[in-house]
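Excluded from the calculations below are hydrogen atoms, water molecules and symmetry mates; all remaining heavy atoms, backbone and side chain alike, are included. The first residue in the sequence is number 1, and the count goes up from there. Small disclaimer: the values here were computed from a predicted structure and weren't measured.
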Amino acid sequence: MAEERKMLSASMDDICREPWNYAVEPFRVIGNLYFVGNSWVSVYLIDTGDGLLMIDTAMAQNAYLTMEGIRKLGFDPRDIRWILLSHAHYDHCGAAAIFSNYSGADVYLGKEDMFFLTERQELIHAVGGVFQPFEVKGHYKDSQPMQFGSLLVTPKHCPGHTPGTYSFFFDMEEDGKTYRCGMHGGLGVNTLTKDFLQANHLPMSSQQDFLDNLERMKKEKVDVPLGSHTNHGGMLQKAAKIGQGPNPFIDPEGFASVIESRYQDFLYFCK
């Protein structure tokens, strides 16, 4: 519980200042899908059979620990070919330049968030005000599958947390069975309060966009819910149960449960 309280009370500044205090051992989630993030924000790695795919990158200050985690799993960070960014906030895209420059990976981002990079870099919320730009190779099209090696990923536009937030869905196989994995790209309501939207000259319609996408996402069938932050669905609590029975990440009710909890947060903080 002490570690959980520490994680919940941490700020992005804390983690960037002392990233080693928030490091966790990397672990396999299911099939060829692995967790290589820290105790606060998730980073996923998938072996596609034709190169590695990374989902989000965490902050630049965490990059060396993320690389170490990748190597602990037996992979080479230079084999990362694609980076899918859920949205353009620093805790998800801050290390994109490091990983893309190091490996030559192509970076993908929702086109609706591109103005964060070009016109409104303050909305990225870079720690210390320093943000290293990166080249975006391509954008997503809502519900149009994308092929990466043997992996087929379906991105779905989920605006609200940012205008260009995307969620990702794909299949993983384990023990002869196929499981659908899903990660909602942005469930934080911190960017949806009236005060935040007005102070940053963003449309109040972002609130309704968020509610609409929650309703849409509640209908998704997901066997393995993946938190974009570790507290979404208890990623680290599940990791502690690895080897104690059936795969703890197989949780068919978990995705809808997380969506509902975010709806309640929205009602509490934003209404």
Does Glu68 pair with Arg71 as a salt bridge, N-O distance under 4.0 Å?
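So Glu68 does not pair with Arg71 through a salt bridge.
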Given Cys93 and Phe131, is the side-chain contact (heavy atoms from CB on, under 4.5 Å) satisfied, shown in steps?
CA-CA 10 Å; Cys93 74; Phe131 172 69; 4.1 Å; yes
Nearest heavy-atom pair of [X] and [Y]: which atoms, and what distance?
X	Y	answer
Cys181	Leu33	SG-CD2, 4.1 Å
Pro26	Gly69	CG-O, 3.4 Å
Ala88	Phe116	O-CD2, 3.3 Å
Pro19	Cys16	CD-O, 3.5 Å

Excluding sequence neighbours, so at least two apart, what forms side-chain contact (heavy atoms from CB on, under 4.5 Å) with Lys141?
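Partners of Lys141 under the side-chain contact (heavy atoms from CB on, under 4.5 Å) test: Gln144.
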Non-neighbouring partners of Glu173 that pass side-chain contact (heavy atoms from CB on, under 4.5 Å), sequence neighbours left out:
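Expected list: Thr178.
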[X] side chain to [Y] main-chain N or O, any donor-acceptor pair under 3.5 Å?
X	Y	answer
Arg180	Lys221	yes
Thr118	Met114	yes
Ser261	Val258	yes
Gln61	Ala63	no
Asn213	Pro159	yes
Thr230	Met235	no
Asp14	Ser11	yes

With a 4.5 Å limit on heavy-atom distance, are the side chains of [X] and [Y] in contact?
X	Y	value
Ser86	Phe168	yes
Pro145	Phe170	no
Asn101	Gln132	yes
Leu211	Phe266	yes
Trp82	Lys137	no
Leu84	Tyr166	no
Leu236	Ser39	yes
Phe134	Ile98	no

Give me the ring orientation class for Phe27 and Phe35: parallel if the planes are under 30° apart, tilted from 30 to 60°, perpendicular past 60°.
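Parallel: the ring planes of Phe27 and Phe35 meet at under 30°.
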side-chain hydrogen bond (donor to acceptor under 3.5 Å, both in side chains): pairs with one or both residues in residues 242-255, sequence neighbours excluded:
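Output for this query lists Glu174-Asn247, Lys238-Asp251.
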Report the C-alpha distance between Leu73 and Arg28 in whole Å, list the side-chain angles of each, state the deciding distance to 0.1 Å, and finish with yes or no for side-chain contact (heavy atoms from CB on, under 4.5 Å).
CA-CA 9 Å; Leu73 292 169; Arg28 188 178 71 88; 5.8 Å; no
Taking the six-membered ring where the residue is Trp, are the ring centres of His125 and Tyr90 under 6.0 Å apart?
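When the ring centroids of His125 and Tyr90 are compared, they turn out to be at least 6.0 Å apart.
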Taking the six-membered ring where the residue is Trp, are the ring centres of Tyr179 and Phe249 under 6.0 Å apart?
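Distance test on ring centres: not under 6.0 Å, no.
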With salt bridge (Lys or Arg N to Asp or Glu O under 4.0 Å) as the rule and sequence neighbours excluded, what pairs involving residues 115-129 come up?
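Pairs touching residues 115-129 that pass the test: Arg120-Glu122.
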Among all residues two or more places apart in sequence or in another chain, which pass the ring-ring contact (aromatic ring centres under 6.0 Å, His included) test with His229?
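Expected list: Trp40, His92, His232.
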The criterion is ring-ring contact (aromatic ring centres under 6.0 Å, His included); which residues satisfy it with Tyr263, sequence neighbours excluded?
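Checked Tyr263 against ring-ring contact (aromatic ring centres under 6.0 Å, His included); zero matches.
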Just to verify, what does Tyr140 make a side-chain hydrogen bond (donor to acceptor under 3.5 Å, both in side chains) with, not counting sequence neighbours?
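Not a single residue meets the side-chain hydrogen bond (donor to acceptor under 3.5 Å, both in side chains) criterion with Tyr140.
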Suppose we screen for side-chain hydrogen bond (donor to acceptor under 3.5 Å, both in side chains). Which residues come up paired with Gln121, at least two apart in sequence or across chains?
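side-chain hydrogen bond (donor to acceptor under 3.5 Å, both in side chains) list for Gln121, sorted by chain: empty.
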For residues 103-110, please give each side-chain donor-acceptor pair under 3.5 Å, one per line with the distance, not counting sequence neighbours.
unit_1	atom_1	unit_2	atom_2	d
Ser103	OG	Ile80	O	3.1
Ser103	OG	Phe99	O	2.8
Ser103	OG	Ala105	N	3.2

Cation over ring, Lys156 on Phe169, under 6.0 Å and within 45°?
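Verdict for Phe169: a cation-pi partner in Lys156.
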Tell me if the CD atom of Glu135 is crowded by more than 12 foreign heavy atoms within 6.0 Å.
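No, the 6.0 Å shell around CD holds no more than 12 heavy atoms from other groups.
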Rounded to the nearest 0.5 Å, what separation is found between the NE2 atom of His184 and the CG atom of Leu214?
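That separation rounds to 5.5 Å.
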How long is the gap from CD1 on Ile55 to CG on Leu226, to the nearest 0.5 Å?
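So the gap between those two atoms works out to 7.0 Å.
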Are Arg216 and Asp142 close enough, and set up right, to give a salt bridge (Lys or Arg N to Asp or Glu O under 4.0 Å), and what steps lead you there?
CA-CA 13 Å; Arg216 180 189 182 199; Asp142 185 36; 3.0 Å; yes
For residues 187-198, tabulate all N or O donor-acceptor pairs below 3.5 Å that involve a side-chain atom, not counting sequence neighbours.
unit_1	atom_1	unit_2	atom_2	d
Thr191	OG1	His161	O	2.8
Thr191	OG1	His161	ND1	3.2
Thr193	OG1	Phe196	N	3.1

Donor-acceptor pairs under 3.5 angstrom involving side-chain atoms of residues 41-53: please list them, not counting sequence neighbours.
unit_1	atom_1	unit_2	atom_2	d
Ser42	OG	Gly227	O	2.7
Tyr44	OH	Gly227	N	3.3
Tyr44	OH	Gly227	O	2.7
Asp47	OD1	Gly49	N	3.0
Thr48	OG1	Asp50	N	3.1
Thr48	OG1	Gly51	O	2.7
Asp50	OD1	Arg81	NH1	3.4
Asp50	OD2	Arg81	NH1	2.9

Going by side-chain heavy atoms closer than 4.5 Å, which hydrophobic residues are tied to Trp20, directly or by a chain of links?
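Members alongside Trp20: Tyr64, Leu65.
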